[in-house]
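Just so it is clear: chains get the letters A, B, ... in the order the sequence lines come, proteins before strands, and each one is counted from 1.
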There are 2 protein chains.
Amino acid sequence: MTIAEVCKRCGVTADTLRYYERVGLIPPVGRTRGGIRDYTETDVNWITFIRCMRSAGLQVSALVRYVALFRKGDASLPARKAILVQQRALLAKRLENLRDVLGRLDAKIANYEERCAVWERKHLRK
Amino acid sequence: MTIAEVCKRCGVTADTLRYYERVGLIPPVGRTRGGIRDYTETDVNWITFIRCMRSAGLQVSALVRYVALFRKGDASLPARKAILVQQRALLAKRLENLRDVLGRLDAKIANYEERCAVWERKHLRK
DNA sequence: CTAGCATGTGGAGTGGACTCCAGGTCAAGC
DNA sequence: GCTTGACCTGGAGTCCACTCCACATGCTAG
């Protein structure tokens, strides 16, 4: 699969895909004799996974550590799990906070609803 | 209240407080004759609010717009409400995504739990 | 009144995560 | 063989949200 096809499928730019590979966010991608990247379905799965985690705010550095461990084989299973568990905890904390802030925002909006209504009545009467 | 006291109360650095004021993330803070910032309780409330929203990822630019409108008085109520509503929608979307990613992460961890156990049995037997 | 610490300002620097660019290959159609 | 468009690499640039710095001034304790 060419980089352009992967871009389309995953909704990322070629620059981003090359960047991901360069910093180790995904394992190295195979090449044709000409040196052109030839993505496999497995590569696409990695990209999808990384995009998913990044979309939730997991740091590149943590994911890089994860991918590096992955490349060392089964002996790294516990270490990889540890990373996931730790990231999960961070994520849960942020989720909790977002929930809380959303609540506050809703309260504030309700308040505005009120005040806007009052303000409009005042101006209609005028 | 001095900037140092506000720092302690709000858990931010003085640099950050000055930065917030400089870019308009909070309304201008009053000064003593000597030119030193003298925060009121209202100022602290603003800082708390901004910190809260920032912690949920609302962009500085959106909050700056909000604060700027606030300073224009009641006529800006509807515009301010519009910003809040829009930001709330974005936040809800991100919340939804975090929830989803958390679920995937949990599934992945459960999978690791399994595979780690297998791996350990293999190594204990050895 | 002076030492010394808290604050002030304007501006430069940082870290994270891309994003863009120049200058050079590769490959498919004519 | 040649043109043309996709791809390559290494490195520089961008954006965001702070964070740090240097140097100047304010205030308080002795």
Side-chain angles (χ1 to χ4, degrees), chain A residues 1-26 28-40 43-44 46-68 87 90-91 94 97 101, chain B residues 1-26 28-40 43-44 46-68 87 90-91 94 97 101:
Chain A
M1 209 180 316
T2 74
I3 199 168
E5 285 163 336
V6 178
C7 288
K8 203 158 290 176
R9 272 187 58 181
C10 299
V12 286
T13 68
D15 272 321
T16 298
L17 288 182
R18 294 195 202 100
Y19 164 73
Y20 279 4
E21 188 177 348
R22 186 148 44 93
V23 300
L25 261 182
I26 56 173
V29 174
R31 308 298 183 102
T32 64
R33 310 117 238 114
I36 292 201
R37 288 179 181 76
D38 186 16
Y39 292 84
T40 65
D43 292 325
V44 171
W46 269 108
I47 294 162
T48 307
F49 168 66
I50 290 297
R51 287 253 98 198
C52 174
M53 294 302 136
R54 287 286 307 122
S55 79
L58 274 73
Q59 293 197 339
V60 167
S61 58
L63 294 168
V64 165
R65 270 183 287 134
Y66 178 81
V67 174
Q87 294 302 313
L90 292 175
L91 187 50
R94 278 186 299 129
N97 184 247
V101 175
Chain B
M1 209 178 319
T2 73
I3 199 168
E5 286 163 336
V6 178
C7 288
K8 203 158 291 175
R9 272 186 59 180
C10 299
V12 285
T13 69
D15 272 322
T16 299
L17 288 181
R18 295 195 201 99
Y19 164 72
Y20 279 4
E21 187 177 349
R22 188 149 41 95
V23 301
L25 219 32
I26 56 172
V29 174
R31 308 298 182 101
T32 65
R33 306 117 241 116
I36 293 201
R37 288 179 181 78
D38 186 16
Y39 292 84
T40 66
D43 292 327
V44 172
W46 269 109
I47 294 161
T48 307
F49 169 66
I50 290 297
R51 288 253 98 196
C52 175
M53 294 302 136
R54 287 286 307 122
S55 79
L58 273 74
Q59 293 196 341
V60 167
S61 58
L63 294 167
V64 165
R65 270 183 288 133
Y66 177 80
V67 174
Q87 294 301 313
L90 293 175
L91 187 49
R94 280 187 298 130
N97 184 246
V101 175

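- Listed pair B/T13 / D/dC18 fails the phosphate criterion, with no side-chain N or O lying under 4.0 Å from OP1 or OP2.
- Spacing between atom CG of B/L63 and atom P of D/dC18 amounts to 10 Å, rounded to whole angstrom units.
- What separates CD of B/E21 from C1' of C/dT9 is a distance of 12 Å, to the nearest Å.
- Of the candidate nucleotides C/dG8, D/dT9, C/dG11, D/dT9 has the atom nearest to the side chain of A/R31.
- Of the listed nucleotides (C/dC18, D/dC7, D/dC18), D/dC18 has the atom at the smallest distance from the side chain of B/T16.
- One interatomic measurement links the two molecules: CG of A/D38 to P of C/dA27, which rounds to 11 Å at whole-angstrom precision.
- Each of C/dC18, C/dG8, D/dA17 was ranked by its minimum atom distance to the side chain of A/V60; first place goes to C/dC18.
- Note: CD1 (B/I47) to C1' (D/dA17) measures 17 Å, nearest angstrom.
- In this structure, the separation between CG on B/L63 and OH on B/Y20 is 9.0 Å, given to the nearest 0.5 Å.
- The nearest heavy atom of DNA chain C to A/D15 and to A/G34 marks one nucleotide each, and the one closer to the 5' end goes with A/D15.
- As a whole-Å value, the separation of A/R22 CZ from D/dC7 C1' is 15 Å.
- For A/R33, the side-chain atoms get nearest to C/dA27 when compared with the rest of D/dC8, C/dA27, C/dG8.
- A/T48 and A/C10 get closest at one heavy-atom pair: OG1-SG, 4.4 Å.
- Each of B/R18 and B/R51 was assigned the nucleotide of DNA chain D with the nearest heavy atom; the assignment lying further toward the 5' end belongs to B/R51.
- Remark: side-chain polar atoms of A/E21 are not paired, donor with acceptor, to backbone N or O of A/R18 under 3.5 angstrom.
- Rounded to a whole Å, the CE atom of A/M1 is 17 Å from the C1' atom of D/dA6.
- You'll find that the side chain of A/T2 is closest to D/dC7, out of D/dC7, C/dT19, D/dT19.
- One interatomic measurement links the two molecules: CG of B/L17 to P of D/dC20, which rounds to 14 Å at whole-angstrom precision.
- A/R9 approaches A/V44 most closely through the heavy-atom pair NH2-CG1, 3.5 Å.
- The A/Q59 side chain lies nearest to C/dA17 when the options are C/dA17, C/dC26, D/dA17.
- Between D/dA17 and B/Y20, no contact under 4.0 Å exists linking OP1 or OP2 to a side-chain N or O.
- Contact check, A/R37 against D/dT9: a side-chain N or O comes under 4.0 Å of OP1 or OP2.
- For the atom pair CD1 of A/I50 and OG1 of A/T16, the computed distance is 13.0 Å after rounding to the nearest 0.5 Å.
- Rounded to whole Å, the distance from CD1 on B/I36 to P on D/dA24 is 17 Å.
- Distance from the side chain of B/R54 is smallest to D/dA17 among C/dG8, D/dA17, D/dC7.
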